[in-house]
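Presented below is the structure to which this report refers.
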Amino acid sequence: MFPLLKFSEKQVEEYFSRVTPEMVRASLDKDRHDWFDLLNLVSEAAYPFMDEMREKARAAKLKYYGKTVSVYAPLYIGNTCVNSCKYCDFRIQHQGTVRRNLTMDEIRLEGEAIRAGGIDSLLIVAGEDPRVNTVEHLAEVGRMLKKMFSNLSLEVAPQTEEGYRELFKAGYEALTCFQETYDQELYKEMHPAGPKSNYENRLWTQLRAGRAGFRILGCAFLLGLGPWRREAASLAAHAIYLMKECYESKIQFAFPRFCRVDGGFVPPCEVDERDVDLMMLAFRIVFPQCCMTVSTREAPKFRDYIVQVAADNMSAGSRVTPGGYAVLEKEHAADVAQFTLTDRRAPADVYAAIKANGQEVVYKNWDNRI
Ligand code: SF4
């Protein structure tokens with residue numbers, strides 16, 4: 001569990017088993033919600049209330065975000081990695097992956113290709129390789145891309161607070177760091193070696209970034225590793241803690257679901273689409289002001305639905321390989337992705353679907369005046 005929680009895994013499981021329809025009803029009827037409401041709304045007892053939860057979530061999203069969906073794209077700048085995450089094909093031991101770190105010219109080419117599709121918010125992603133992705137290098141990448149994009153986010157190895165200050169100065173303003181699992185034993189098992197095996201260092205990443213000025217702090221667990229209700233309880237506790245400690249930043253939730261591929265890692269606790277739906281509705285109701293992203297791993301139909309009722313942010317036209325937008329095409333090389341994309345639509349098709357559902361596409365929603 002999230003270490004500052006006063007409840008053990010057993011106690012949280014026991015609580016879930018005792019939630020009644022009346023408790024779900026009471027949580028739904030409240031105007032202000034707490035951690036226990038989140039537990040009630042993701043419990044088994046909440047399934048019969050999903051239609052009502054959908055309407056409540058839709059109203060909460062409308063109140064804080066209007067009928068809008070912000071769009072972004074990830075840019076993978078490199079996939080060398082010193083970590084050993086058992087579920088990822090970028091792990092150091094995995095032989096089958098073609099490794100590559102893009103040059104500054106290649107990063108610019110990728111950026112231009114993404115920008116040509118209308119995207120103005122960019123998420124920079126890289127494997128953890130301290131020889132390549134130093135703060136200096138990431139800052140140089142940020143300064144270059146900031147001339148092309150209004151908003152820059154980072155999903156790279158955890159940095160020090162000082163490192164985040166440098167990166168904030170270089171133009172990054174949002175950070176995503178998935179804890180993968182809040183269960184410390186399971187975390188150890190899934191991350192046996194490399195810097196990522198340090199649970200605590202990863203856990204306080206958002207805190208360091210928030211103290212360094214980052215405006216958006218992204219939190220998530222990887223759906224499929226641990227029992228999802230327990231993980232959701234920890235995620236909510238983590239978010240509540242960050243809201244107090246970093247009150248000038250906004251929390252952003254993501255719900256990345258492990259998608260099984262033939263011959264690949266088999267997730268111990270698979271999660272189905274209905275559960276993702278329930279969880280996203282519950283988080284929107286309990287944390288109406290927080291940002292929420294729907295993963296590219298979900299099917300187009302689900303993504304188009306969930307941005308109408310819960311999520312306010314989605315990727316469009318994503319490629320999850322270094323060079324996947326322009327460089328590989330130029331070289332006639334194969335696309336070896338970090339995970340399987342379910343939504344492979346072009347950005348224009350994603351925008352058209354958003355508009356067809358009565359929502360407005362937001363390309364840029366923030367100006368940094370610093
Ligand atoms: S999940 Fe991230 S840190 Fe782990 S092996 Fe993959 S790229 Fe490296």
Side-chain angles (χ1 to χ4, degrees), residues 74-102 107 110 123-135 137-138 141 153-160 163-164 167 172 174-206 208-209 218-226 231 235 254-261 263-269 271 293 295-297 315 318-324 335-341:
L75 195 171
Y76 278 63
I77 61 169
N79 64 357
T80 55
C81 189
V82 297
N83 284 315
S84 310
C85 313
K86 285 193 175 165
Y87 46 82
C88 178
D89 282 354
F90 286 180
R91 67 187 181 277
I92 191 167
Q93 300 88 348
H94 193 256
Q95 301 292 326
T97 303
V98 180
R99 306 288 175 164
R100 174 171 202 156
N101 286 294
L102 301 182
I107 294 170
E110 292 283 283
L123 172 67
I124 305 300
V125 188
E128 182 157 354
D129 188 342
R131 297 160 305 182
V132 183
N133 292 313
T134 58
V135 168
H137 176 59
L138 293 169
V141 169
S153 308
L154 263 183
E155 189 178 340
V156 300
Q159 308 292 328
T160 61
Y164 283 127
L167 294 167
Y172 298 100
L175 164 114
T176 292
C177 183
F178 299 165
Q179 186 60 27
E180 319 297 12
T181 173
Y182 287 92
D183 179 324
Q184 301 195 30
E185 285 307 307
L186 181 63
Y187 188 92
K188 222 184 281 173
E189 188 190 326
M190 290 293 150
H191 310 98
K196 194 169 169 180
S197 58
N198 186 337
Y199 176 100
E200 291 272 338
N201 182 51
R202 192 166 185 88
L203 187 70
W204 306 123
T205 299
Q206 290 89 348
R208 296 192 296 272
C219 304
F221 61 93
L222 183 56
L223 280 64
L225 294 187
E231 298 281 9
L235 175 64
F255 300 90
R257 185 157 63 117
F258 195 89
C259 301
R260 206 200 287 207
V261 287
F265 176 80
V266 179
C269 300
V271 184
T293 299
S295 170
T296 315
R297 304 171 195 225
S315 58
S318 298
R319 295 286 174 272
V320 291
T321 313
D335 186 331
V336 186
Q338 187 188 23
F339 56 84
T340 312
L341 288 171

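Note that these values count all heavy atoms, side chains included, but never hydrogens, waters or copies made by symmetry. Just so you know, ligand 1 is whichever comes first in the structure, and atom 1 is the first atom listed for that ligand.
- The closest side-chain donor-acceptor pair between T80 and N101 falls under 3.5 angstrom.
- Here atom 6 (Fe) of ligand 1 lies nearest to C88 when heavy atoms of A126, G127, C88 are compared.
- In the vicinity of N83, heavy-atom distances shorter than 4.0 Å reach the ligand 1 atoms 3 (S).
- For the residue pair T134/H137, the side-chain donor-acceptor check at 3.5 Å is not satisfied.
- Nearest heavy atom pair, residue H191 against residue C85, reads CD2-SG, 3.5 Å.
- Applying the side-chain contact (heavy atoms from CB on, under 4.5 Å) rule to L222 yields the partners Y87, E180, L225, P256, F258, R297; only residues at least two apart in sequence or on another chain are considered.
- Counting atoms of ligand 1 from 1 in the listed order, those under 4.0 Å from a heavy atom of R91 are 5 (S).
- Applying the salt bridge (charged side-chain N to carboxylate O under 4.0 Å, His left out) test to R257 and every residue at least two apart in sequence or in another chain returns E298.
- Residue C85 has at least one heavy-atom neighbour below 4.0 Å for each of these atoms of ligand 1: 1 (S), 3 (S), 4 (Fe), 5 (S).
- Counting only non-hydrogen atoms, the option in E128, K196, R202 that gets closest to atom 2 (Fe) of ligand 1 is K196.
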